[in-house]
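Within every chain, numbering begins at 1; the chains are lettered A, B, ... in the order of the sequence lines, protein sequences first and strands thereafter.
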2 protein chains.
Amino acid sequence: MSETASRPTLEAVAARAGVSRATVSRVVNGGEGVREPLVERVRRAVEELGYVPNQAARSLVTRRHDAVAVVIAEPETRVFADPFFALQLRGISKELTAHDSQLVLLLTEGRDDHVRVGRYLSGGHVDGALVFSLHLDDPLPGLIHGAGVPTVFGGRPGWGEGTRDIVYVDSDNRGGARDAVRHLVGLGRTRIGHITGPLDQTSAVDRLEGFRDVMVGGDPRLIVESDFTPAGGERAVRELLERCPDLDAVFAANDLSASGALRALRERGRRVPDDVAVIGFDDMLPVAEQTDPPLTTVRQDIEEMGRLMARLLLGGREPRGTGPEREAGNAPSGVVLPTTLVRRASA
Amino acid sequence: MSETASRPTLEAVAARAGVSRATVSRVVNGGEGVREPLVERVRRAVEELGYVPNQAARSLVTRRHDAVAVVIAEPETRVFADPFFALQLRGISKELTAHDSQLVLLLTEGRDDHVRVGRYLSGGHVDGALVFSLHLDDPLPGLIHGAGVPTVFGGRPGWGEGTRDIVYVDSDNRGGARDAVRHLVGLGRTRIGHITGPLDQTSAVDRLEGFRDVMVGGDPRLIVESDFTPAGGERAVRELLERCPDLDAVFAANDLSASGALRALRERGRRVPDDVAVIGFDDMLPVAEQTDPPLTTVRQDIEEMGRLMARLLLGGREPRGTGPEREAGNAPSGVVLPTTLVRRASA
DNA sequence: GCCACGTTTGAGAGCGCTCCCTGGCGCCCG
DNA sequence: CGGGCGCCAGGGAGCGCTCTCAAACGTGGC
């Protein structure tokens, strides 16, 4: 039952059920075109022997692996320490499970790893790849895109804008930012500052664009470039207050920097939201709910992004072997998920 | 180069290099016992053709997979939203990479998944498993332990205490807790409260034990069971202050609950650390450094735990194929990593 | 009652690789 | 200078599975 007793093979099951290997194979893979009594007999034999198909042998002939690589490029540790990827992984995992696929996690550390990952992906060990790349100058996505592996990107890649065959899933960063800023405007605020994220990330750029969409002709000095960290948020607010002492609202590009902003505002004696209204982005719960006051922010459904990425990669493939392998690429080249404004106390 | 052009096989490389398949195989797998000029020729052919071994074919005969499953049981979403697993995964990933192994991530959602994971693991798709189980009543670890797959647990499992063949890696929760409480005592504090974690987790239990080790004969009413969350920490502090208004220190079982404690103390007009000193556990940076005041806490090297788990699982196996497959199990049944007290402003 | 056709089942090849074993060759020693 | 030994390369089997193809088995219609 346990130990080194080598696992039963198809052959063994066939012998036990008194049929041929081919028949067992058919039953194991869906049982189409096998008469009921035989199906039953085979099923029982499988059960009794505790047969589990040898995936290696199967892959060898089918050239399918029922496995998908998830590549997370991680130039900074910070990125990895937030719940973002965790949630996305969850979504991915759920969807892959539904498709009987495994999740092979590839974390890259520095440039050398690109080679390793590239080799792995083009080595045909997986059916596809889900790639997260946050930085515009990251060579990895390009590499992968050239590796000839079906790929879906998480977040809008910074290059190949109009390229038809790049598939990605992103949230509506720009639209979400617009909603946030419009909300501030609706509150009667006029001197609205924006704390950006690192502008080598498309999400930060898109949020900035959304801000600009609403504040057309606004004072460019009300935009301070920052880095998605609480400390950066603090610095940015100090800068903003210096440039514009009667600032009455802040839109921070993420919750972390918003939390820093909150702290700096309190320290400077500004009441939130009375004097200055604050809105963040992400709705990262441990942060957004715990700030003082709780943060109004833009929520994105991160887990759903993950699910969608997996679904897109697996294409029209139904939960196991049915249907066409892949709808010939008329997939949308970019899918953008909606965001919603979550009102709490800060604005 | 790209596209569907089927990848080159050993055969192709052999033809190109003018040698036999066997020779190419030898070269690819270390090149022992092949004369230099041939090695060179084969290497070049591999390079030119962009040959990558077919892992499925290889596994089929070697019965090795160069892959390790990482199983994360996740009854609560909260658990996953903290950076803990992320860091551990990093450590694991690094070590596996060094051993040319892949990381197959298995996230479980609810009971049904146990079956799936069990089948997968006993299906012989991976060389071993790294399992994280946080709760005492989780049936998963038991299941896996019975599946006949080499396994290393992350964190002390709640059962099979003395069992010789259970291998796990944990931090020194008890010792770390002792250090923290001793530090408070050294500060002259005498009315020290403890906010525990969920006591169905061994880490929480061990930290409580450490607290008790130092506070022998202490008032049991100074121990409040909580849940590792900020909100729980707040509640616990209110409870503690009610029971003991002149409380002068709090040891919280993790940083998150410590942050809640900090807030509740401020709200109740207690100054930290003047009136009440506070120590957390984990040194979860985004939290510990950002609290007001910054949190004194117990650091554990989470990434190293991950590395160690992987190293233990892979046994004495050197970076690829050399050495014995596995030192016959005289491995230590539990490895406990040291913790260090990180002094910041809160105590 | 017989033949043509559709449906099930079985036989066999082969996926790409490793590894055992044999054959060939150079070299050392007698 | 010849025999034996050791080292290196190649041949070939076979890992467990899928999938094509052909055989066997009905079944219905004429």
Side-chain angles (χ1 to χ4, degrees), chain A residues 4-43 45-46 49-67 100 122-125 127 320-322 325, chain B residues 4-43 45-46 49-67 100 123-125 320-322 325:
Chain A
T4 333
S6 63
R7 20 200 81 280
T9 71
L10 247 204
E11 189 79 52
V13 177
R16 175 129 193 163
V19 297
S20 72
R21 280 198 327 276
T23 300
V24 178
S25 176
R26 277 186 279 257
V27 170
V28 169
N29 292 291
E32 304 278 311
V34 177
R35 214 131 19 180
E36 190 49 41
L38 271 200
V39 172
E40 198 43 51
R41 243 175 41 224
V42 172
R43 288 252 162 80
V46 165
L49 263 44
Y51 170 75
V52 181
N54 179 322
Q55 183 64 38
R58 182 180 272 174
S59 294
L60 186 56
V61 27
T62 60
R63 275 123 200 300
R64 272 190 41 189
H65 300 84
D66 292 320
D100 268 307
S122 32
H125 302 302
D127 300 326
R320 198 53 218 288
T322 341
E325 272 306 71
Chain B
T4 331
S6 62
R7 16 204 85 280
T9 72
L10 246 205
E11 189 78 53
V13 178
R16 174 127 192 165
V19 297
S20 74
R21 275 193 339 269
T23 300
V24 178
S25 176
R26 277 186 279 257
V27 171
V28 169
N29 292 290
E32 304 279 309
V34 178
R35 212 125 25 175
E36 190 48 42
L38 272 200
V39 171
E40 197 44 50
R41 251 188 19 235
V42 171
R43 288 254 161 80
V46 165
L49 264 44
Y51 170 75
V52 181
N54 180 321
Q55 183 63 38
R58 181 180 274 173
S59 295
L60 186 55
V61 28
T62 60
R63 276 126 199 300
R64 272 190 41 189
H65 300 85
D66 292 319
D100 268 308
H125 302 302
R320 198 51 220 290
T322 340
E325 273 304 75

**Residues B:Val34, B:Thr23; criterion side chain to side chain contact (heavy atoms under 4.5 Å, CB included); working and verdict** = CA-CA 7 Å; B:Val34 178; B:Thr23 300; 4.1 Å; yes
Are [X] and [N] close enough that a side-chain N or O sits under 4.0 Å from OP1 or OP2?
X       : N      : result
B:Thr23 : D:dG10 : yes
B:Thr62 : C:dT18 : no
B:Asn29 : C:dT18 : yes

Is the closest side-chain heavy-atom distance between [X] and [Y] below 4.5 Å?
X       : Y       : value
A:Val27 : A:Leu38 : no
A:Gln55 : A:Thr62 : no
B:Leu10 : B:Ser25 : yes

Just how far, in rounded Å, is [atom2] of [N] from [atom1] of [X]?
X       : N      : atom1 : atom2 : value
A:Asp66 : D:dT18 : CG    : P     : 11 Å
B:Asn54 : C:dG16 : CG    : C1'   : 6 Å
A:Arg58 : C:dG16 : CZ    : C1'   : 18 Å
A:His65 : C:dG16 : NE2   : P     : 11 Å
B:Glu11 : D:dG10 : CD    : C1'   : 12 Å
A:Tyr51 : D:dG16 : OH    : P     : 10 Å

From the set [options], return the single nucleotide nearest to any side-chain atom of [X].
X       : options                : value
B:Ser25 : D:dT18, C:dG10, C:dT18 : C:dT18
B:Ala57 : C:dA11, D:dT18, C:dG16 : C:dG16
B:Arg26 : D:dC17, C:dG10, D:dG10 : D:dG10
B:Leu10 : C:dG10, D:dC17, C:dC17 : C:dC17
A:Thr9  : D:dT18, D:dG14, D:dC17 : D:dC17

Check this for me: does the side-chain of [X] come within 3.5 Å of the base of [N] through a donor and an acceptor?
X       : N      : answer
B:Arg21 : C:dT18 : yes
A:Arg35 : C:dT7  : no
B:Arg63 : D:dG16 : no

- prompt: Taking the nucleotide of DNA chain C with the closest heavy atom to each, which residue, A:Ser20 or B:Gln55, is nearer the 5' end?
  reply: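 Between the two, 5'-proximity favours A:Ser20.
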DNA chain D: 5'-proximal contact among B:Val19 and B:Leu60 (nearest heavy atom):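 Whichever sits nearer the 5' end wins; that is B:Val19.
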_Which residue lies more 5' along DNA chain D, comparing A:Ala56 with B:Leu38 via nearest heavy atoms_ =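 Upstream on the strand: B:Leu38.
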- A:Val28/A:Arg58 under side chain to side chain contact (heavy atoms under 4.5 Å, CB included): CA gap, chis, key distance, verdict: CA-CA 12 Å; A:Val28 169; A:Arg58 182 180 272 174; 3.8 Å; yes
